[in-house]
Amino acid sequence: METTLDRLRAGGRGQVAAFLGDIDAQRYLEMGLTPGTEIEVVRFAPLGDPMEIRVRGYALSIRKSDAACITILPA
Amino acid sequence: MNPVESVARQAPVQSTPAALFRIAVLGNPNTGKSTLFNALTGSRQKIGNYPGVTVERKVGRLRAEGPTSPIELIDLPGTYSMAARSLDEQLATEVLLGRVAGEDPVQGLLVVVDASNLERNLYLTTQLLEFGLPVVVALTMIDIAEHRGIEIDGRRLADALNAPVVAVHPVSGKGIDELRARMADLGDMPARVRPPIPYPEPLRRGVEAMQHRLEPHGLRPGFAEAIRLLVDQGGAIERSLSERSGTEAVALVRTIREENADPAQPYILQESVTRYAWIREIVSQTVRRQAVSRGSQGQERLDRVLTHKFWGLLALVIVMGAVFQSIFSAATPAMDLIDRGTGALGTLASGALGDGALGSLVVDGVIGGVGSVVIFLPQILILFFLIALLEESGYLARAAFLMDRIFARVGLSGRSFIPLLSSFACAVPGVMASRVIEDRKTRMATILLAPLMSCSARLPVYTVLIAAVVPSVMVLGLVDTQALAMLAMYLLGITLAWPLGWIFRRTLFRGKSSAFLIELPPYRVPQWNSVLRTVLERGWAFLVRAGTVIFAISIVVWALNYFPHPTEIHDRYDGLRNQTTDASALTELDAREAAEYQHQSFLGKAGKLIEPLVRPLGWDWRIGSAAIASFPAREVVISTLGVIFSVGDSENEDTLRRSIVNARREDGSRLFDLATALSLMVFFALCAQCAATLAVIRREANSWRWPAFVFGYMSVLAYLGALCTYQVTRLLTGVSG
């Protein structure tokens with residue numbers, strides 16, 4: 001069942017499915033979030049936003065508003 | 001017009017000796033590229049700007065080895081992809097394509113790759129391999145990779161990339177000699193073959209069409225340029241094509257895009273998916289992974305604390321408190337020393353040159369002007385030292401991660417935090433520190449807000465005026481009213497910055513900022529070498545580029561304050577001086593003479609001219625002219641008031657305070673009542689009376705428009721603020737107008 005990245009919990013994993021809506025998808029694709037790529041949510045910042053994700057072996061901070069545009073196939 | 005293109009048209013072409021072999025150094029951010037560049041070139045570096053743009057140009061000579069021809073290294077800005085977005089990245093692309101005038105084409109590439117983050121780093125690498133230039137790959141961060149149980153077979157990687165791969169450790173010097181040798185060989189390498197990345201049919205056909213069909217427009221792009229033209233709609237390469245070859249060429253580019261488009265798969269999806277699939281294939285052949293070792297567990301434990309809801313925020317408060325405290329207090333001894341140094345130099349010069357116009361020019365204009373620039377240097381050096389430490393250690397990215405939420409509300413980002421915080425010490429390093437913000441709109445909004453933070457130069461203004469007019473009363477037995485008044489001044493700028501930031505991001509810098517996407521690099525021990533180098537580079541850049549502007553402005557204000565300088569005044573006071581021998585009476589006479597000159601000067605006249613404008617603020621012409629005189633640096637207002645109120649030695653705050661208390665209006669009432677003093681303080685809290693800040697903004701924004709705007713909006717804010725303060729205070733204190 002598909003969900004969006006911002007709805008995963010800390011520790012949640014999944015595969016990137018698609019980019020929808022108002023997002024600069026090119027940036028994310030270049031940083032390695034291509035469809036099918038495994039990602040893991042490491043944590044949320046103390047104030048709830050942004051979130052830290054792990055992708056292709058490195059850590060990336062992204063805002064929830066962008067994460068809401070990335071659909072995920074949960075593992 | 002595109003600034004990079006303007007360079008190509010206007011800059012004079014300087015040619016370097018033909019024997020020089022030029023290699024561009026590229027890599028992702030956080031790969032240790034600068035450290036490697038320093039290790040390769042040592043002190044043989046030249047840092048400047050590309051003409052007409054703010055992008056820093058850094059070149060160095062390779063320390064020579066053997067009888068090979070000399071090699072010049074060009075350090076290009078760190079980037080994740082060749083799809084240029086920022087000015088920095090665009091310039092990097094243009095350098096590789098040999099399109100920057102004054103720059104000979106590069107003949108080879110050194111690509112710096114972080115071994116602990118191989119997949120993402122190879123994305124840029126494969127793009128660079130497609131330029132057709134000979135390439136050497138330097139693998140850095142081997143130790144971190146090993147900690148994480150990543151072992152790379154360098155030979156296999158070299159085979160797969162069809163380029164030499166050298167593992168380096170710049171600090172210990174391991175691998176540096178071999179890397180030098182490989183770079184020296186680059187000239188003899190056969191022309192590069194593109195890596196065999198199996199792009200989908202539509203992308204390949206599109207690239208081919210770009211390569212062949214643009215010829216009528218004078219362009220025969222290589223593969224690397226053609227793929228960017230195809231993939232990056234409205235990208236940097238397309239913009240530069242439109243300027244060189246006109247709209248028809250761009251129309252053709254769009255047609256080619258449409259003809260080959262696959263509605264199910266945008267080009268960028270085709271490119272990134274295929275590239276990463278090819279990279280993963282290589283990585284699986286060349287990398288052996290072991291179970292995660294203790295090293296990366298330590299990293300994770302550190303992160304758990306430093307990004308924790310409570311401990312993380314506490315750590316941030318402590319770190320920032322320490323940064324703030326050290327710019328505030330650790331710089332003081334050095335600043336005092338500079339202050340005393342320029343004072344002593346002034347005394348020396350006035351002794352040698354006498355009291356005439358030349359003496360005054362040298363002492364007040366030149367030495368005073370240069371002194372007002374150099375005085376900021378300790379704070380700048382300390383701030384940049386600390387920022388470089390935090391950046392290199394990986395903490396700066398975490399600080400941005402923690403704070404982003406708060407700043408995002410008004411359209412700024414977590415990256416705005418450090419520049420704004422630094423501005424409480426001094427807006428000059430604060431504005432310079434905003435370079436860490438990649439997104440242009442966010443960066444500009446941050447720069448425009450930085451001068452609103454109450455800097456240390458406002459402190460003497462607050463101290464003197466508060467001491468003079470605010471009675472010291474304990475409120476609720478806890479806080480002193482004088483301390484409260486001081487706090488209110490600091491809060492004023494912060495409180496106004498929020499709505500203003502919101503407004504700027506909705507008017508001047510409208511639109512979504514580029515994604516707030518920051519890498520959280522592994523923590524590591526900072527390299528002192530490169531930290532110190534960064535600090536010195538920044539300090540020097542400030543002295544040279546901002547210094548010249550401030551210097552010129554200081555001279556102008558000096559002249560306005562000095563001329564016409566009628567000799568009649570001097571003669572009259574000489575007569576009076578001859579009638580007394582009492583030392584204190586002589587000092588008194590000197591002070592009165594200085595005040596009378598002030599009265600006569602253009603500045604004094606200007607003060608009288610603007611008196612109707614400043615009267616609603618509760619000021620008289622003397623305060624008005626002091627405000628004008630403090631344009632180069634707001635702390636000057638204190639010494640100017642000192643001169644006007646005949647204190648003589650204005651450095652003595654106590655005497656100055658008394659003279660401010662005693663200053664009278666023409667009707668005999670006190671000049672500085674509570675309302676006037678508060679109005680003056682509010683004015684100085686909000687105004688942009690600082691030539692150094694304006695000069696630095698000009699430098700960072702590369703246009704006079706922005707410093708002019710900052711001066712304009714802050715002056716309006718200051719005037720309105722002072723007006724409200726004066727009128728409201730008078731209403732509250734029950735004085736009728």
Side-chain angles (χ1 to χ4, degrees), chain A residues 2 4-6 8-73, chain B residues 30 80-83 85 114 116-121 123-124 127 148 150 231-233 235 266 268-269 271-277 279-280 283 289 299-300 303-304 307-313 316 397-398 400-406 408 413-414 512 514-522:
Chain A
E2 258 184 29
T4 52
L5 179 55
D6 62 312
L8 290 186
R9 285 165 189 277
R13 291 159 182 273
Q15 283 185 0
V16 177
F19 293 85
L20 300 169
D22 184 18
I23 183 172
D24 181 2
Q26 182 161 0
R27 278 293 289 272
Y28 289 91
L29 290 169
E30 287 169 350
M31 295 297 276
L33 279 83
T34 51
T37 308
E38 299 266 349
I39 55 179
E40 180 193 344
V41 177
V42 181
R43 60 172 60 83
F44 290 84
L47 303 173
D49 195 17
M51 59 200 290
E52 179 184 340
I53 60 170
R54 184 157 281 281
V55 56
R56 295 188 190 268
Y58 77 97
L60 192 64
S61 158
I62 89 172
R63 281 188 183 156
K64 273 157 82 177
S65 59
D66 271 357
C69 300
I70 305 176
T71 59
I72 297 291
L73 287 170
Chain B
N30 305 309
Y80 293 110
S81 148
M82 287 315 288
R85 286 188 180 76
D114 175 356
S116 69
N117 191 351
L118 201 56
E119 278 188 37
R120 203 208 55 220
N121 274 259
Y123 190 82
L124 176 73
Q127 287 184 328
R148 292 195 184 168
I150 299 169
V231 174
D232 307 339
Q233 294 183 32
I268 179 60
L269 203 59
E271 183 195 358
S272 58
V273 168
T274 321
R275 230 183 249 292
Y276 268 117
I279 289 167
R280 186 155 276 188
V283 169
R289 262 173 236 274
Q299 289 268 342
E300 177 51 31
D303 241 345
R304 232 175 274 159
T307 59
H308 187 266
K309 269 194 173 66
F310 177 74
W311 299 116
L313 291 177
L316 182 74
R398 269 74 182 186
F401 178 69
L402 292 174
M403 297 302 290
D404 183 59
R405 175 70 190 272
I406 295 173
S413 90
K512 212 178 152 154
S514 65
F516 177 74
L517 193 80
I518 51 169
E519 190 185 351
L520 301 170

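The analysis underlying the following values was restricted to heavy atoms, covering all of them including side chains, and did not include hydrogens, waters or symmetry mates.
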Give, for atom CG of B:Leu517 and atom CG of A:Asp24, the distance between the pair rounded to the nearest 0.5 Å.
9.0 Å
Report yes or no: is the cationic atom of A:Arg56 (NZ for Lys, CZ for Arg) under 6.0 Å from the centre of the six-membered ring of B:Tyr276, at an angle within 45° of the ring normal?
yes
So how far is it from B:Thr307 OG1 to A:Arg43 CZ, rounded to the nearest 0.5 Å?
3.5 Å
Residue pair A:Gln26 / B:Pro266, side-chain heavy-atom distance below 4.5 Å:
no
Out of A:Ile23, A:Leu29, A:Asp49, return the one with the most heavy atom pairs under 4.5 angstrom to chain B.
A:Leu29
Side chain, backbone, both or neither: which part of B:Ala408 has a heavy atom under 4.5 Å from chain A?
both
Can you tell me how far apart CZ (B:Arg120) and CD (A:Glu30) are? Round to the nearest 0.5 Å.
11.5 Å
B:His308 to A:Pro46 - nearest heavy-atom pair and separation:
O-CG, 3.8 Å
Heavy-atom proximity to chain B below 4.5 Å, by part of A:Phe44
backbone
I'd like to verify something: which residue of B:Arg275, B:Gln127, B:Arg304, B:Arg398 has the highest number of heavy-atom pairs under 4.5 Å with chain A?
B:Arg304
Based on non-hydrogen pairs under 4.5 Å, which of B:Ile279, B:Asp303, B:Asp232, B:Val231 is most in contact with chain A?
B:Asp303
Interface moiety of A:Met51 toward chain B, non-hydrogen atoms closer than 4.5 Å
backbone
Proximal component of B:Ile518, with respect to chain A [non-hydrogen, under 4.5 Å]:
both
Nearest 0.5 angstrom please: A:Arg54 CZ to B:Leu520 CG, how far?
9.0 Å
Taking side chain as everything from C-beta outward and backbone as N, CA, C, O, which of these in B:Glu119 sits under 4.5 Å from a heavy atom of chain A? Side chain, backbone, both or neither.
side chain
Heavy-atom distance under 4.5 Å to chain A: side chain of B:Leu269, backbone, both or neither?
both
Please flag which part of B:Asp114 lies under 4.5 Å from any non-hydrogen atom of chain A: side chain, backbone, both or neither.
neither
Heavy-atom pairs under 4.5 Å with chain A - which of B:Tyr80, B:Tyr123, B:Phe401 has more of them than the others?
B:Phe401
